[in-house]
Amino acid sequence: MGVGTTLARRAVFLAAALVIAVFLTGVILGASGYIDKVLNAIVLEEVRAYRQGLSKLYNLTAAERDRLVAEYEKTLRDYYQLDKPWIYRLVPTVLSTLTLDLGYVQSGGVAEVAGYQLPVRVSTVVLTCLPRTIFMITVAEAITIVIALLVAPFIVYRIGSLIDRVVVAYAAVMNAFPLWWIALVMLFTLGYRWGIAPTRLRAVTASINALFSGNLLALGEVFYYAWLPILTIVVVSLGPWIYSVRAMLIRVVKEDYVTAAVARGLPEKYVLRRYIMRPAASPIVTNVILGLAGTIGGYIITESVFDWPGMGTLYYSAIVNADAPTILALTYIFTLVYVVARFILEVLYIVLDPRVRL
Amino acid sequence: MSFIARVYAGLSWLRREVLSQFSGKVAIALLVAIVAVSIYAAATMPSNYNVIWNYPLYWEANPKNSPPEWSTYFGTTCLTNQVYDLRTATPRISVDEEGRVRLTYNMTYTLDVKSYPRALILIVDSMTIPANVRNVRVLNTIVKPDGKQIQVFDDLVDFTKNVTAGSFKFTQTFRPELDKIYNSLLLNYINYNIDPNDVGVNYLSYIFGEITQPDPKSTARTTYLTGRYVISLTLDFRVEGVAQELLLRSIKNAARFEYVVVGTCYGLMGTDYQGRDLAMGLLYGFPIALLIGLGTALMSTGLGLLAGMVSGYYGGFIDEFIQRFIDVLGSIPLLPILILVAAAAQTAFGADPNKPVLMLLTILGVLVLFGWGGLAIVVRSMTLSIKSELYVEAAKSIGASNFRILIKHILPQLVPYIAASLVYSTPNAILTEAGLSVLGIYHGLPTWGGILAEARTQGRVEYWWWIFPPGLLIAITSLTFVLLGLALEKVVEPRLRR
């Protein structure tokens with residue numbers, strides 16, 4: 001099989017995964033009755049509030065009031081399309097999502113996460129939340145990766161030394177702690193107890209908006225809110241990251257040709273660059289790209305702990321409010337980013353590793 | 001060698017390899033400890049533990065949101081929760097000519113720190129009241145160290161309505177009555193200007209404090225009064241021809257008959273917002289966590305093993321199908337789908353009495369469904385290479401069945417990979433369950449994650465005894481498996497050895 005055929009095959013399967021993920025989400029939402037239950041509850045609550053509001057108007061007769069309430073309820077049920085079976089509601093939404101027509105946000109709660117009021121397009125909400133996640137989680141992941149790529153080659157020559165043992169122990173411990181728990185503890189100690197860090201991180205919205213309207217000084221404010229989450233993520237994910245890069249490098253270091261190169265007296269840096277990093281490049285690049293792609297979806301639980309109004313919080317809010325267009329759109333975007341990253345990797349393998357081209 | 005012997009030999013080799021490393025030794029020590037605690041907890045767990053945990057009345061007499069008792073060594077002013085179990089106490093008995101049986105319990109309470117108790121409660125649970133007991137007057141007074149006597153409550157409970165047909169179970173909680181307290185304060189402190197509203201809010205400081213009034217025009221104030229308090233509880237039964245022994249026996253056999261001076265600290269691990277004993281929740285969390293972790297790991301490993309062996313051994317269309325299936329599964333973002341499924345399950349099982357278990361099973365089911373792909377790929381490539389070995393060819397040529405070859409020749413060689421997969425995926429389920437709980441998709445079972453989740457929903461980040469222990473236990477359990485995995489990794493991937 002030629003390179004082109006292989007890539008085309010991959011593309012087809014990745015596209016299939018994308019379609020399946022969005023359809024699966026739609027089926028879970030509909031078949032479990034989740035959407036119907038939550039929406040019915042929302043309609044019930046809004047109708048109750050409306051009736052209460054009407055009852056304050058004394059010039060209405062009971063019959064008129066009932067008619068108005070019934071009309072209002074019908075408007076709401078039409079708006080949410082509750083009288084159609086879920087399959088007629090969700091399949092069109094799924095299909096339009098797949099053609100990148102993401103539609104409108106249904107719930108006010110979801111729009112609020114991004115700082116909007118209804119009606120607002122899903123794409124607008126997503127484009128508002130995405131930079132917030134990038135400023136916090138992607139930046140943290142990038143910092144982690146840079147540190148890991150600097151530290152791991154340093155210790156790979158010193159396997160078994162004290163510093164290596166410390167790094168492995170640190171990696172093991174940090175692998176065991178859930179990120180969101182460390183986040184809780186950091187917020188508790190640095191935020192509430194010592195008062196060093198801000199505790200109401202949702203306020204970052206204003207700073208990011210200011211930044212995007214051209215006020216570059218707001219970057220400092222963004223950092224003021226973001227440093228605690230970034231520190232937390234770096235502290236927790238650095239250990240496992242160094243460990244995995246170390247493991248990839250060790251596999252290469254153990255090869256005979258590396259031993260031979262060192263024995264020939266080649267400088268350590270040269271051996272590292274040419275003999276170790278080059279063959280280890282493709283697994284490392286895989287990890288880097290998939291790691292960065294994974295941050296786009298936000299860390300749902302960690303964002304929720306910090307109350308950071310990013311993609312993860314948006315997704316969770318969409319689930320709580322049973323906002324089908326937003327849920328489907330986000331699932332689509334999360335999967336799309338991953339699938340595209342995988343495809344880029346397929347191409348990169350061919351570039352990085354000549355053997356694949358054969 | 002029989003199949004079992006070969007697997008056993010493989011496992012004992014694995015054990016030796018693991019134990020030869022430092023991380024392996026630590027991991028095994030931790031694992032033994034965790035399993036021992038789990039077995040102890042599972043053996044002592046009351047069968048209705050889940051019900052008890054979610055039953056607020058059971059925890060009524062405990063202080064709420066209280067730090068553990070040992071926090072007193074770190075500077076917290078700690079008033080121990082004092083429980084008087086009156087079933088075992090001997091009352092003073094007096095019987096008058098009208099047939100009333102009067103039982104008086106005297107308890108001494110020493111207040112030795114500058115603090116006020118949080119509450120006073122008398123709990124009577126399932127006390128069998130014999131027929132012909134008309135009523136009981138329950139009277140509680142406290143004599144302060146300075147000799148002043150405060151009446152706490154005085155209740156008359158009428159049994160005549162209930163005791164029409166034989167005996168019945170008497171269950172009631174008695175609490176301080178503000179009017180009684182205020183009246184006895186007026187009697188005892190005649191020239192004081194006592195503010196009834198303040199008594200209503202801070203009545204405990206009037207019972208357990210010194211009342212001063214420096215200026216005749218101002219209102220009375222309270223300060224801490226340490227010393228010996230005598231709490232006297234009188235049960236005055238109006239009976240018709242019932243022997244007092246019968247009454248005493250039914251008191252002895254009650255489920256609970258306690259007088260509690262609620263403190264500000266509780267037990268080994270403190271309490272949560274409902275006064276639940278966190279030590280209990282944490283202890284019984286051990287077997288639940290292990291069950292969640294190991295159960296999910298076993299299922300996903302089994303599935304991965306089966307799929308990998310079938311895929312590698314039979315090849316062809318079925319291989320292609322399984323591999324593409326794994327591809328697709330691997331491209332679907334797990335956590336968003338999991339959160340969605342769990343939220344849907346929470347609503348779908350809303351009315352079901354088994355909702356907690358069903359929800360947990362759904363969550364674990366999704367984890368299993370998405371968790372087997374990695375092992376299947378490894379097992380497939382191992383199977384492919386073993387399949388072409390000469391001894392497999394030989395076995396085939398003498399007519400060994402496929403099943404026999406899979407079980408006898410291929411499976412035993414996969415043991416280290418199976419063990420590694422088990423070890424890697426065990427903490428995963430525990431962490432995910434806890435994470436979902438913390439997010440707010442809480443199944444209601446008292447797991448460590450559940451305890452953490454409630455700490456968060458109550459918005460009480462400052463309650464360290466409520467946040468730290470469950471998180472640390474999750475981390476230690478998970479660390480055990482991470483260390484075990486670290487040791488196994490060198491077995492599975494010999495290139496990692498020094």
K.L.:
Could you have a look at A/Leu24, A/Val305, A/Thr25 and say which one has the most heavy-atom pairs with chain B under 4.5 angstrom?
P.N.:
A/Val305
K.L.:
Shorter than 4.5 Å, heavy atoms on both sides: which option in B/Ile430, B/Leu472, B/Leu436 has the most such pairs with chain A?
P.N.:
B/Leu472
K.L.:
So for A/Val339, is it side chain, backbone, both, or neither that comes closer than 4.5 Å to the heavy atoms of chain B?
P.N.:
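Looking at A/Val339, just its side chain touches chain B.
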K.L.:
Under 4.5 Å from any heavy atom of chain A, what part of B/Ala434 do you find: side chain, backbone, both or neither?
P.N.:
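Both parts, heavy atoms under 4.5 Å.
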K.L.:
Working to the nearest 0.5 Å, report the span between CZ of B/Arg324 and CZ of A/Arg9.
P.N.:
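These two atoms lie 5.5 Å from each other.
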K.L.:
Between A/Leu14 and B/Ser331, is there a side-chain heavy-atom distance shorter than 4.5 Å?
P.N.:
yes
K.L.:
Counting heavy atoms not belonging to B/Asn354, are there more than 12 under 6.0 Å from its CG?
P.N.:
yes
K.L.:
Out of curiosity, A/Thr189 OG1 to B/Phe468 CZ, how far, rounded to the nearest 0.5 Å?
P.N.:
6.5 Å
K.L.:
Please state whether the side chain, the backbone, both or neither of A/Leu18 comes within less than 4.5 Å of a heavy atom of chain B.
P.N.:
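Contact with chain B: none, neither part.
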K.L.:
What part of B/Val341 gets within 4.5 angstrom of chain A, counting heavy atoms only: side chain, backbone, both, or neither?
P.N.:
both
K.L.:
If I take atom CG from residue A/Asn175 and atom OH from residue B/Tyr424, how far apart are they, to the nearest 0.5 angstrom?
P.N.:
10.0 Å
K.L.:
Answer with side chain, backbone, both or neither: which region of B/Pro336 has an atom nearer than 4.5 Å to a non-hydrogen atom of chain A?
P.N.:
both
K.L.:
Any side-chain heavy atom of B/Leu439 sitting closer than 4.5 Å to one from A/Tyr316?
P.N.:
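Of all side-chain heavy-atom pairs linking A/Tyr316 with B/Leu439, at least one is under 4.5 Å.
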K.L.:
Taking the side chain as C-beta and beyond, is there a heavy-atom pair between B/Trp464 and A/Arg193 under 4.5 Å?
P.N.:
yes
K.L.:
Any heavy-atom pair between the side chains of B/Leu335 and A/Tyr299 that's under 4.5 Å?
P.N.:
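The answer is no; the side chains never approach within 4.5 Å.
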K.L.:
What's the shortest heavy-atom distance between B/Ala344 and A/Ser32, and which atoms?
P.N.:
CB-OG, 3.4 Å
K.L.:
In terms of heavy-atom proximity below 4.5 Å to chain A, should B/Phe22 be classed as side chain, backbone, both, or neither?
P.N.:
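Contact with chain A: none, neither part.
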K.L.:
Hey, is CD1 on B/Ile318 packed in by over 12 heavy atoms from elsewhere, all under 6.0 Å?
P.N.:
no
K.L.:
Does any backbone or side-chain atom of A/Phe177 lie under 4.5 Å from a heavy atom of chain B? Answer side chain, backbone, both or neither.
P.N.:
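It is both, since atoms from each part get that close.
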K.L.:
Which residue out of A/Ala17, A/Ala171, A/Ala16 racks up the most heavy-atom pairs below 4.5 Å with chain B?
P.N.:
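With the most close heavy-atom pairs to chain B, the winner is A/Ala17.
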K.L.:
How long is the span from the CD1 atom in A/Ile28 to the CD1 atom in B/Ile337, to the nearest 0.5 Å?
P.N.:
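Separation between the atoms: 4.5 Å.
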K.L.:
For B/Leu483 and A/Ala172, work out which heavy atoms get closest and say how close.
P.N.:
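Shortest heavy-atom contact: CD2-CB, 4.0 Å.
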K.L.:
State which residues pass salt bridge (Lys or Arg N to Asp or Glu O under 4.0 Å) with A/Arg10; sequence neighbours excluded, sorted by chain then number.
P.N.:
A/Glu346, B/Asp327
K.L.:
What residue in B/Val438, B/Thr480, B/Leu329 has the most heavy-atom pairs under 4.5 Å with chain A?
P.N.:
B/Val438
K.L.:
Would you find more than 12 non-hydrogen atoms of other residues, nucleotides or ligands less than 6.0 Å from A/Ile163 atom CD1?
P.N.:
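No, CD1 of A/Ile163 has 12 or fewer neighbouring heavy atoms, counting only those of other groups under 6.0 Å.
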K.L.:
Heavy-atom cut-off 4.5 Å, strictly under: side chain, backbone, both or neither for A/Ile319 against chain B?
P.N.:
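Only the side chain of A/Ile319 comes within 4.5 Å of chain B.
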K.L.:
Side chains of B/Leu452 and A/Trp181, heavy atoms from C-beta outward: is any pair under 4.5 Å?
P.N.:
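Side chain of B/Leu452 against side chain of A/Trp181, heavy atoms only: contact under 4.5 Å found.
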K.L.:
What part of B/Ile339 lies closer than 4.5 angstrom to a heavy atom of chain A: side chain, backbone, both or neither?
P.N.:
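Both backbone and side chain.
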K.L.:
Rounded to the nearest 0.5 Å, how far apart are CD1 of A/Ile301 and CG of B/Leu431?
P.N.:
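One gets 9.5 Å once the value is rounded to the nearest 0.5 Å.
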K.L.:
In this structure, are over 12 heavy atoms from other groups packed under 6.0 Å from A/Tyr257 atom OH?
P.N.:
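Yes, because the 6.0 Å sphere around OH of A/Tyr257 holds more than 12 heavy atoms from other groups.
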